[in-house]
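What follows is a set of notes on a single structure, which appears directly below.
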Amino acid sequence: MPLAPYASHASLSRGRRHAEAPAPTRDAFQRDRDRIVHSTAFRRLVYKTQVFLNHEGDLFRTRLTHSLEVAQLGRSIARALRLNEDLVEAIALAHDLGHTPFGHAGQDALDACMQGHGGFEHNLQSLRVVDELEHRYPRYDGLNLSFETREGILKHCSRANAERLEAAEPGGVARRFCDRTQPSLEAQLCNLADEIAYNAHDIDDGVRSGLIDIELLGELDLFERYRREALAEYPELHGRRVLYEAIRRMLSAQVYDVIDATSVAIRSAGPSNAEAARKAGPLVLFGETMRRESSELKRFLFRNLYRHPRVSATTDQAKDVVRALFDAYLADAAQMPERYAERADRHRAVADYIAGMTDRFAIREYERLTGRRWIE
C-alpha cells in the first residue's frame with residue numbers, strides 16, 4: 001500500500017548532519033533502523049530497568065523488550081494509517097537509548113546530581129547517544145541518523161535545552177519546541193504507542209510480581225470490560241490466561257481506537273504533505289472515551305505499582321547507587337574510561353558515563369568504588 005501524502009517519505013528526508021551517499025538497497029529510514037539495532041546503546045537496553053530491576057526476575061520487561069513492543073504496536077498502527085513504518089520503527093527502537101540504569105529512579109537521581117550543570121533529561125540523552133556518544137564510524141561521532149528519526153527521538157525537551165539546541169543547529173530537531181509546532185505524524189504515533197505499550201505490560205508485570213491483584217483491576221473500566229468479554233466467550237478460562245486475553249483485547253481496542261480517531265483528525269485537518277501535518281496540531285490521538293480510560297489506567301498504575309512500598313524501596317536504593325557513583329567519578333575521573341576522563345566538562349562526562357550503564361554494571365561499579373554491598 002503506498003504511503004499517504006502526509007506521511008514522511010524517505011526520498012524527501014531533510015537529510016543527515018554529515019552527508020553520505022545513499023545505500024543501494026535501503027532508504028534513509030531503513031538505514032537508521034539498522035544503525036540503531038547494531039549500536040552498543042541498543043544492546044545495553046536488555047539490562048536496563050523498565051519497572052522491576054533486572055535481578056528481580058527473568059520475565060519482567062526491560063528497556064529492550066519495551067522498545068520492541070512499542071515498535072510492534074507502532075508499525076501495526078502506521079500500516080493502517082499509511083504512515084512510514086520504517087521511520088516509526090527507527091524512532092521506537094531508539095527512544096529509550098539515553099535512559100539511565102534503574103529506570104526513572106536513576107534518571108531522577110542523575111538529574112538531581114546535575115542541577116547547576118544543565119540537568120539531565122533522558123530524551124535529550126537519547127539524542128546525545130545517537131549524535132555524539134556512539135563511536136562506530138571513522139568520519140564522525142554518533143550514528144549520523146536522518147533528521148526525521150532524530151526529531152522523533154527528542155520526545156520532550158525543556159525550553160532552555162531547546163533554545164541551546166536551536167542555537168547549535170538552527171531549524172533543527174529542537175525548533176518545534178520553540179515555535180510550538182508538532183513533529184512528524186510518525187513521531188506522534190511513537191509517543192502514543194509508547195503509552196499503550198507500557199500501560200499494558202506494566203499490568204502484566206505488576207500481576208506477575210504479586211504487587212497487583214487481578215481482582216483489583218476490576219475497578220478499571222478499560223480492563224474489566226475486556227476481562228468480562230473474554231470470560232463470556234471462554235467461560236472455562238482461568239488463571240493467567242484470563243489476564244493475557246483481557247490485555248490482548250484491551251491492546252487491540254486501543255490500537256483500533258487510535259486508527260479511527262486519527263483518521264478522523266487527519267480528514268478534518270486535510271494536510272497535503274508531511275510539513276502541513278506538522279502545523280496542524282496533534283493529529284495522532286485517542287478518542288475521548290479511550291483517552292479518559294487510558295488516563296485512569298495510568299493513575300491506577302501510579303497508585304498501585306510505581307509507588308508500591310516494595311518498588312519504592314528498590315528505587316530508593318537505586319538512587320543511592322547513582323549518587324554514590326556520581327560523587328566517586330567526580331572526585332576521581334581516572335575511575336572512568338579514558339574517553340570520559342579526559343573531557344573538560346567533568347559533570348557532563350560523568351552523567352554520560354553513568355547514563356550508559358546497565359543495572360548490573362552500575363551495581364558492580366558501586367560495590368567496587370564504595371566497598372559496600374548491594375542488598376537484593
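Throughout, residue positions are numbered sequentially from 1 according to the sequence presented.
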>> Check this for me: does any side-chain nitrogen of one of Arg35 and Glu20 sit under 4.0 Å from a carboxylate oxygen of the other?
In response: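 Between Glu20 and Arg35 there is a salt bridge, with a charged N closer than 4.0 Å to a carboxylate O.
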>> I'd like to know if Arg16 pairs up with Asp32 as an ion pair, taking the criterion as any Lys NZ or Arg NE/NH1/NH2 lying under 4.0 Å from an Asp or Glu carboxylate oxygen.
In response: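 Asp32 and Arg16: salt-bridged.
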>> Applying ring-ring contact (aromatic ring centres under 6.0 Å, His included), can you list everything that pairs with Phe286, at least two apart in sequence or on another chain?
In response: none
>> Is it the case that atom NZ in Lys279 sees more than 12 heavy atoms from other parts of the structure closer than 6.0 Å?
In response: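 Count not over threshold, so no.
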> Taking C-beta and beyond as the side chain, do Phe29 and Ser146 meet within less than 4.5 Å on heavy atoms?
Replying inline: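 Phe29 reaches Ser146 side chain to side chain.
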>> I'd like to check Met114 versus Phe326 (side-chain heavy atoms, cut-off strictly below 4.5 Å). Are they in contact?
In response: yes
>> Whether Arg14 engages the ring of Phe147 as a cation-pi pair (distance to the six-membered ring centre under 6.0 angstrom, angle to the ring normal within 45°) should be assessed.
In response: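 Positive - Arg14 is close enough to the ring of Phe147 and near enough to its axis.
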>> Over 60° means perpendicular and under 30° means parallel, so tell me whether His66 and Tyr198 are parallel, tilted or perpendicular.
In response: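 Rings of His66 and Tyr198: tilted, 30 to 60°.
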> Just checking, any donor-acceptor pair under 3.5 angstrom between side chains of Asn84 and Glu186?
Replying inline: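 The answer is no; no qualifying pair exists.
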> Just checking, is any N or O donor in the side chain of Glu148 or Ser184 under 3.5 Å from an acceptor N or O on the other one?
Replying inline: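 No, no side-chain donor-acceptor pair sits under 3.5 Å.
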>> Under 4.5 Å side-chain heavy-atom separation, chaining through any Ile, Leu, Val, Met, Phe, Trp or Tyr, what else clusters with Tyr234? Say none if it is isolated.
In response: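 Reading the cluster by chain and number, Tyr234 sits alongside Leu231, Leu237, Val242.
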> Shortest non-hydrogen contact from Thr65 to Thr62?
Replying inline: OG1-N, 2.9 Å
